**Student:** 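The structure is given below, and queries will be raised subsequently.
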Amino acid sequence: MDLIARLRAGLPDEAILTDPDVTGSYAKDMASFCEAGTPAVVVLPRTVEEVQHVMRTATELRVPVVPQGSRTGLSGAANASDGCIVLSLVKMDRILEINPVDRIAVVEPGVINAALSRAVGAHGLYYPPDPSSWEECSIGGNIGTASGGLCCVKYGVTAEYVLGLDVVLADGRLLTTGRRTAKGVAGYDLTRLFVGSEGSLGIVVRAVLALKPQPPQQLVLAAEFPSTAAACAAVCEIMARGHAPSLLELMDRTSIRAVNDMAQMGLPDSTEALLLAAFDTPEPAADLAAVGALCTAAGATQVVPAETAAESDLLLQARRLTLTALERVASATMIDDVCVPRSRLAEMLDGTAAIAEKYDLTIGVCAHAGDGNTHPTVCFDAADPDESRRARASFDDIMALGLQLGGTITGEHGVGVLKKEWLARELGPVGVELQRGIKQVFDPLGILNPGKLF
């Protein structure tokens with residue numbers, strides 16, 4: 001019996017896609033410079049049992065399986081390999097439980113981040129991880145890549161909110177990890193192991209997520225600086241003084257000018273860096289005043305605190321438009337997510353500017369400054385082979401710079417295909433050996449998302 005016939009034995013007809021024109025549209029995520037193969041079939045299960053059937057079939061026939069969410073990723077982690085089963089989990093999109101007493105939500109992997117946030121908000125609760133693609137990205141994808149977001153500086157990343165998982169293993173067995181309780185230290189932390197594993201160890205089919213009480217409405221402050229060094233000095237001072245902003249974002253000169261060109265935001269040409277800080281404390285105005293004073297002392301030329309939620313939204317508009325504005329600069333963009341210690345943030349931004357000059361490219365940087373996570377965006381003409389080569393070379397130089405500054409090659413986008421050669425440099429030979437050993441335990445046949453991470 002062939003692959004499609006085996007799959008049909010345990011899946012409804014509408015869950016199996018074989019038309020090449022359709023299956024080809026599932027071949028890759030949003031990353032540049034990442035190879036993608038041609039899938040043999042795309043399956044869209046709705047139940048745990050259907051996922052188990054897919055994995056048993058794949059094990060029996062030794063067929064690779066590439067799990068996918070909404071394919072908003074930026075590392076190629078969801079890219080198909082030739083002849084694989086693409087296992088799209090978008091139809092498993094139910095919120096199974098919201099428990100205000102235990103402050104948990106139980107969800108399927110296809111639930112969209114924004115949908116979960118709105119659903120728990122109706123109960124006075126808050127799910128903090130908020131990737132920029134939160135209106136499109138799925139919780140399963142967020143777990144697979146250990147996503148972050150704007151609020152990480154105060155609330156942390158996805159890994160800190162995943163309490164437990166149901167995972168279908170490569171051979172079709174169902175594993176339950178973690179807990180529903182606020183505490184738990186029984187055995188090795190397998191839950192954390194799956195978070196960020198990019199579908200290489202198992203298929204997440206259910207997640208128990210921690211929730212927090214809904215915080216007050218945040219207020220935002222914008223500060224303009226004559227240099228990135230001054231803006232980064234302000235960031236260091238804000239954190240060293242013990243402030244806990246709910247958002248601390250930075251835009252460099254290139255990003256500011258791109259947004260100005262697109263939306264006429266009115267920021268002065270002399271602005272070399274824009275720092276946005278927000279507080280969702282009971283008295284945010286007092287916190288903004290204190291941070292504003294620190295910005296002024298660090299050299300800010302203008303500090304504008306919002307007094308209302310509407311004013312806050314206006315101040316954040318420039319940051320929200322950054323990627324869209326940079327995409328207008330050239331026909332293609334390549335987005336990095338190197339994370340460095342906060343104390344080295346200025347060196348990272350200045351070094352990136354030097355790399356842009358070295359390769360004669362436009363590279364705009366916005367950053368989750370509060371946690372050192374930078375997003376250099378390389379703008380280039382994809383139809384120009386030499387410019388494409390320089391873009392890729394600049395991307396590698398940026399990652400090398402991040403490691404040199406004591407950072408990591410990825411803060412929230414994952415490794416996927418794009419950065420796997422750099423993963424070995426960061427982990428070292430012993431780290432690579434142990435991680436490959438873990439992969440072997442969970443996936444002895446190597447059928448789960450082959451070619452990713454290692």
Side-chain angles (χ1 to χ4, degrees), residues 29-34 72-77 129-134 136-137 142 145-153 157-158 228 231-232 235 247-259 262 272-276 316-330 332-342 344-356 361-380 391-392 394-403 405 407-416 418-419 422:
D29 62 19
M30 297 180 68
S32 301
F33 292 112
C34 292
T72 57
L74 294 164
S75 69
D130 61 342
S132 58
S133 58
W134 77 304
E136 303 170 89
C137 64
N142 293 170
T145 57
S147 297
L150 299 184
C151 71
C152 294
V153 60
V157 296
T158 295
T228 53
C232 293
V235 169
L247 174 150
L248 193 58
E249 297 288 303
L250 187 148
M251 295 169 59
D252 75 344
R253 172 185 58 194
T254 301
S255 299
I256 293 167
R257 291 179 181 173
V259 170
M262 184 182 77
E272 293 289 308
L274 179 69
L275 186 65
L276 297 160
L316 285 176
Q317 188 70 5
R319 174 63 181 86
R320 292 190 180 115
L321 291 174
T322 301
L323 180 56
T324 302
L326 288 170
E327 286 175 339
R328 289 163 54 98
V329 172
T333 56
M334 192 175 192
I335 307 171
D336 210 333
D337 71 321
V338 171
C339 191
V340 298
R342 296 185 196 101
R344 313 298 297 273
L345 188 59
E347 295 170 82
M348 185 67 204
L349 267 67
D350 289 343
T352 300
I355 291 168
L361 291 167
T362 297
I363 303 178
V365 183
C366 58
H368 307 313
D371 53 26
N373 194 171
T374 68
H375 290 299
T377 302
V378 182
C379 306
F380 64 99
R392 181 67 215 224
S394 73
F395 190 85
D396 287 342
D397 279 11
I398 290 168
M399 284 190 285
L401 174 63
L403 291 181
L405 295 175
T408 175
I409 59 170
T410 176
E412 56 188 6
H413 292 171
V415 175
L418 189 62
K419 297 183 176 182
W422 283 92

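Bear in mind that the values here come from a model prediction, so they are computed numbers and not experimental data. All residue numbers in this chain count up from 1 along the given sequence.
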**Student:** Measure the spacing between CG of L250 and OG1 of T228 and express it to the nearest 0.5 Å.
**Tutor:**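 Result: 8.0 Å between the selected atoms.
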**Student:** For residues 319-329, which residue pairs pass the side-chain hydrogen bond (donor to acceptor under 3.5 Å, both in side chains) check, not counting sequence neighbours?
**Tutor:**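 For residues 319-329, and leaving out neighbouring residues, the side-chain hydrogen bond (donor to acceptor under 3.5 Å, both in side chains) pairs sorted by first residue read E249-R319.
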**Student:** Roughly how far apart are C152 SG and D130 CG, rounded to 0.5 Å?
**Tutor:**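 Those atoms lie 6.5 Å apart.
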**Student:** Among all residues two or more places apart in sequence or in another chain, which pass the side chain to side chain donor-acceptor pair (under 3.5 Å) test with T374?
**Tutor:**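 For T374 there are no side chain to side chain donor-acceptor pair (under 3.5 Å) partners, ignoring immediate neighbours.
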**Student:** With sequence neighbours excluded, tell me which residues meet ring-ring contact (aromatic ring centres under 6.0 Å, His included) with H375.
**Tutor:**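 Applying ring-ring contact (aromatic ring centres under 6.0 Å, His included) to H375 gives H368, H413.
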**Student:** Could you pull out the closest heavy-atom pair between V340 and M348, with the gap in Å?
**Tutor:**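 Reported closest heavy-atom pair: CG1-SD, 3.9 Å.
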**Student:** State, to 0.1 Å, how close V153 and D371 come at their nearest heavy-atom pair, and which atoms those are.
**Tutor:**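 Heavy-atom minimum between the residues: N-OD2, 3.9 Å.
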**Student:** Under the side chain to side chain contact (heavy atoms under 4.5 Å, CB included) rule, what do D252 and T352 come out as? Steps first, then yes or no, please.
**Tutor:** CA-CA 10 Å; D252 75 344; T352 300; over 6 Å; no
**Student:** Would you check if there is a donor-acceptor pair between the side chains of D397 and S394 at a distance under 3.5 Å?
**Tutor:**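 No pair is found: no donor N or O on one side chain lies under 3.5 Å from an acceptor on the other.
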**Student:** With sequence neighbours excluded, what pairs up with D29 under the side chain to side chain donor-acceptor pair (under 3.5 Å) test?
**Tutor:**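 Per chain and number, D29 pairs via side chain to side chain donor-acceptor pair (under 3.5 Å) with no residue.
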**Student:** Quick check on the 6.0 Å ring-centre criterion: do F395 and F380 meet it?
**Tutor:**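 No, they do not, as the ring centres are separated by 6.0 Å or more.
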**Student:** Given C379, which partner from the list T362, I363, L361 fulfils the side chain to side chain contact (heavy atoms under 4.5 Å, CB included) test?
**Tutor:**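 Going through the options one by one, the only one that passes is T362.
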**Student:** Start with the C-alpha gap between W422 and V415, add the side-chain angles, then the distance that decides, and say whether side chain to side chain contact (heavy atoms under 4.5 Å, CB included) holds.
**Tutor:** CA-CA 9 Å; W422 283 92; V415 175; over 6 Å; no
**Student:** Supply the atom-to-atom distance L345 CG to D350 CG, rounded to the nearest 0.5 angstrom.
**Tutor:**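 Atom-to-atom, L345:CG and D350:CG are 9.5 Å apart.
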**Student:** Report yes or no: does S32 contribute a side-chain atom to a donor-acceptor pair with the main-chain N or O of T333 at less than 3.5 Å?
**Tutor:**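 Flag set: sc S32 to bb T333 pair under 3.5 Å.
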**Student:** For D336, give me all partners under side chain to side chain donor-acceptor pair (under 3.5 Å), at least two apart in sequence or on another chain.
**Tutor:**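 Side chain to side chain donor-acceptor pair (under 3.5 Å) check on D336 returns K419.
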**Student:** Heavy atoms only: give me the nearest S75-A31 pair and the separation to one decimal.
**Tutor:**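 Closest approach of S75 to A31, heavy atoms only: N-CB, 3.6 Å.
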**Student:** Please assess L316 against L247 for the test side chain to side chain contact (heavy atoms under 4.5 Å, CB included), listing each intermediate value before the final yes or no.
**Tutor:** CA-CA 10 Å; L316 285 176; L247 174 150; 4.0 Å; yes
**Student:** Where is the tightest heavy-atom contact between A231 and L275, given as atom of each residue plus distance?
**Tutor:**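 For A231 and L275, the tightest heavy-atom pair comes out as O-CD2, 4.3 Å.
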**Student:** Give the minimum heavy-atom separation between C151 and P129, together with the two atoms involved.
**Tutor:**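 Taking every non-hydrogen atom into account, SG-N, 4.4 Å.
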**Student:** Find the distance between CG (L274) and SG (C366) and round it off to the nearest 0.5 Å.
**Tutor:**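 Atom-to-atom, L274:CG and C366:SG are 11.5 Å apart.
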**Student:** Would you tell me whether N142 and W134 have side-chain atoms, one donor and one acceptor, within less than 3.5 Å of each other?
**Tutor:**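 Judged by distance alone, the side chains do not pair up.
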**Student:** For M262, is the CE atom crowded, meaning more than 12 foreign heavy atoms sit under 6.0 Å from it?
**Tutor:**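 Atom CE in M262 is packed in, count exceeds 12.
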**Student:** Any idea which heavy atoms bring A258 and L326 closest together, and the distance?
**Tutor:**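 Minimum heavy-atom separation between A258 and L326: CB-CD2, 3.9 Å.
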**Student:** Going by side chain to side chain donor-acceptor pair (under 3.5 Å), name the residues that satisfy it together with R253, two or more places apart in sequence or in a different chain.
**Tutor:**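 Side chain to side chain donor-acceptor pair (under 3.5 Å) list for R253, sorted by chain: E272.
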**Student:** List the steps, then state whether side chain to side chain contact (heavy atoms under 4.5 Å, CB included) holds for I335 with M30.
**Tutor:** CA-CA 10 Å; I335 307 171; M30 297 180 68; over 6 Å; no
**Student:** CZ of R344 to CG of L349: how many Å apart, nearest 0.5 Å?
**Tutor:**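 Here the rounded value is 13.5 Å.
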